[in-house]
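See below for the structure under consideration.
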Protein chains: 2
Amino acid sequence: MVQDSIQVLQTQGYKVTKPRRQVLAILNGAQRPLSPYDIQRLLRQQGKHLNHVTIYRILDLFCSLNLAHKLLSTGGFVKCVLGDKEGCHRFMVCHRCGTLQEFADEGLCQEENEFTRNFDFHTKYHLSESSGLCSNCYRKQHQKQGNA
Amino acid sequence: MVQDSIQVLQTQGYKVTKPRRQVLAILNGAQRPLSPYDIQRLLRQQGKHLNHVTIYRILDLFCSLNLAHKLLSTGGFVKCVLGDKEGCHRFMVCHRCGTLQEFADEGLCQEENEFTRNFDFHTKYHLSESSGLCSNCYRKQHQKQGNA
DNA sequence: GGCTAATTGCAACATTGTTGCATTTAGTCT
DNA sequence: AGACTAAATGCAACAATGTTGCAATTAGCC
């Protein structure tokens with residue numbers, strides 16, 4: 001996974017530096033969207049120190065290469081797991097544990113685009129975010145209620 | 001419109017203060033999502049000075065009363081134009097002029113919820129944002145290309 | 001190993017968001 | 001209308017997040 005991204009960097013003529021490897025590793029290990037400062041904090045816990053400016057610039061680069069994706073909704077960054085052929089991203093974010101899951105559906109995407117077209121709006125990019133409880137947290141919440 | 005919101009404040013036992021009226025007026029006059037500091041700047045242009053802390057608190061209150069809605073995507077605030085019966089908000093944001101339009105569709109909403117249910121995810125709130133060009137800006141962009 | 005452009009770090013700053021407490025004010029009662 | 005009081009606002013100080021220009025470092029090349 002990280003290796004794939006490194007490939008992209010190399011073939012596009014970008015240097016594979018230590019900071020870039022470190023940010024890649026963090027993004028790949030994360031289950032939730034991370035802000036630049038989140039990434040800095042996580043690295044610091046591993047005894048690695050990166051300047052926040054550097055992280056901002058690395059994330060900008062990654063997004064431009066589609067190695068990462070910036071959620072409009074949270075401002076957080078996630079690694080790109082699905083292609084972006086439709087300019088459409090769908091996420092489920094658990095408001096209890098913060099985990100994030102990406103999913104895709106062309107049908108939904110097309111429907112949404114048709115809808116906006118009715119308003120004479122020309123959609124370039126679509127973001128959809130469902131916030132709620134992931135299966136784990138739902139179960140836990142339920143157990144709690146059962147006990148109380 | 002503003003009058004309706006004032007009604008809500010009164011019936012819920014909140015004071016109708018000058019700052020609250022001013023923020024309501026700005027939100028109602030705006031065609032795009034506004035950050036707290038945006039609102040402060042707009043008011044200042046009218047010779048009205050509000051502390052930013054006050055604006056933050058007013059917006060919090062408005063959101064809790066459903067008089068305003070905070071976009072997850074931009075962090076900006078808009079007045080609530082449509083009911084929130086489904087916990088679902090759909091927006092079109094023009095990336096050229098920044099204007100925003102809200103729309104609703106129960107069908108889309110239900111479909112989306114079914115989808116997430118397949119992942120064993122329990123959706124509480126759904127946000128959908130289409131970013132692209134509004135009809136005006138699309139036309140302008142086209143004219144430009146024609147001339148160039 | 002040395003060279004050079006690309007990358008990173010640093011410093012300084014701008015913007016945005018938060019908290020506690022003193023001051024002011026809207027709504028109520030007389 | 002004037003006084004009272006809880007609610008609301010303003011203020012000060014701070015914390016967190018983003019941005020810019022320039023000097024120092026480093027990856028990828030010879």
Side-chain angles (χ1 to χ4, degrees), chain A residues 2-3 5-27 32-65 67-68 70-77 98, chain B residues 2-3 5-27 32-65 67-68 70-77 98:
Chain A
V2 170
Q3 204 48 45
S5 300
I6 288 177
Q7 276 272 326
V8 172
L9 286 174
Q10 284 175 332
T11 59
Q12 307 268 10
Y14 293 98
K15 291 185 180 175
V16 178
T17 64
K18 203 160 67 167
R20 285 177 183 167
R21 283 175 190 279
Q22 294 176 342
V23 173
L24 272 180
I26 292 289
L27 281 180
R32 61 186 185 85
L34 299 174
S35 74
Y37 281 95
D38 285 338
I39 293 173
Q40 190 181 44
R41 278 183 286 269
L42 287 171
L43 283 170
R44 196 165 323 187
Q45 288 174 13
Q46 305 177 6
K48 295 163 186 166
H49 288 259
L50 277 195
N51 192 282
H52 67 279
V53 180
T54 302
I55 299 175
Y56 276 97
R57 295 196 270 228
I58 288 177
L59 290 170
D60 279 349
L61 175 67
F62 285 2
C63 284
S64 75
L65 297 175
L67 300 179
K70 182 180 187 175
L71 285 184
L72 289 180
S73 45
T74 64
F77 291 83
Chain B
V2 172
Q3 202 50 45
S5 300
I6 289 177
Q7 276 271 326
V8 172
L9 286 175
Q10 284 175 331
T11 60
Q12 307 267 10
Y14 293 99
K15 291 185 180 176
V16 178
T17 64
K18 204 160 69 169
R20 286 178 182 168
R21 285 176 189 277
Q22 294 176 340
V23 172
L24 272 179
I26 292 289
L27 281 180
R32 61 187 185 85
L34 299 174
S35 75
Y37 280 94
D38 285 338
I39 292 173
Q40 190 181 44
R41 278 184 285 270
L42 287 170
L43 282 169
R44 197 168 319 187
Q45 287 174 14
Q46 306 176 5
K48 296 163 187 166
H49 289 258
L50 277 195
N51 191 283
H52 67 279
V53 180
T54 302
I55 299 175
Y56 276 96
R57 295 197 269 228
I58 288 176
L59 290 170
D60 278 349
L61 175 67
F62 285 2
C63 284
S64 74
L65 297 175
L67 300 178
K70 182 179 187 174
L71 285 184
L72 288 180
S73 46
T74 64
F77 291 84

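By convention in this document, chain letters (A, B, ...) are assigned in the order of the sequence lines, proteins followed by strands, and residues within each chain are numbered from 1.
Separating the CG atom of N51(B) from the P atom of dG17(C) is a distance of 14 Å, rounded to the nearest angstrom. I6(B) places its CD1 atom 15 Å from the C1' atom of dG27(C), with the value rounded to the nearest Å. Between the CD1 atom of I55(B) and the P atom of dT9(D) there is a distance of 11 Å, rounded to whole Å. K70(B) has its NZ atom 13 Å from the P atom of dT16(C), to the nearest Å. Rounded to whole Å, the distance from CD on Q40(B) to C1' on dA14(C) is 14 Å. If you take CG of L34(A) and P of dA16(D), they are 18 Å apart, rounded to a whole angstrom. Between the OH atom of Y14(B) and the P atom of dT28(C) there is a distance of 15 Å, rounded to whole Å. Between the C1' atom of dT26(D) and the CD1 atom of I58(A) lies a distance of 13 Å, rounded to the nearest Å.
Taking only side-chain atoms of Y56(A), from C-beta outward, the nucleotide of dT17(D), dT18(C), dT7(C) with the closest atom is dT17(D). Distance from the side chain of Y37(A) is smallest to dG18(D) among dG18(D), dG9(C), dA6(C). Of the candidates dA6(D), dT7(C), dT9(D), the closest approach to any side-chain atom of T17(A) belongs to dT7(C).
For the pair R20(B) and dT9(D), the criterion of a side-chain N or O lying under 4.0 Å from OP1 or OP2 is met.
Projected onto DNA chain C by closest heavy-atom contact, K18(B) and R57(B) fall at different nucleotides, the more 5' of which corresponds to R57(B).
Looking at Q12(A) and V8(A), their side chains come closer than 4.5 Å, going by heavy atoms from C-beta outward. Side-chain contact between V2(B) and R21(B) is absent, with no heavy atoms from C-beta onward closer than 4.5 Å.
Side-chain N or O atoms of D60(B) include none that pairs as donor or acceptor with a backbone N or O of R57(B) at under 3.5 Å.
Base engagement by V53(A) is indicated by at least one non-hydrogen atom pair under 4.0 Å involving a base atom. Within the 4.0 angstrom heavy-atom criterion, only backbone atoms of the sugar-phosphate kind lie near R41(B); the bases stay farther away.
In this structure, Y56(A) and Y37(A) have perpendicular ring planes: the angle between them is above 60°, well past the 30° mark.
In summary, the side chains of R41(B) and Q45(B) do not present any donor paired with an acceptor at a separation below 3.5 Å, with no hydrogens or angles considered.
Taking only distance into account, the side chain of H52(A) meets the base of dT19(D) through a donor-acceptor pair shorter than 3.5 Å.
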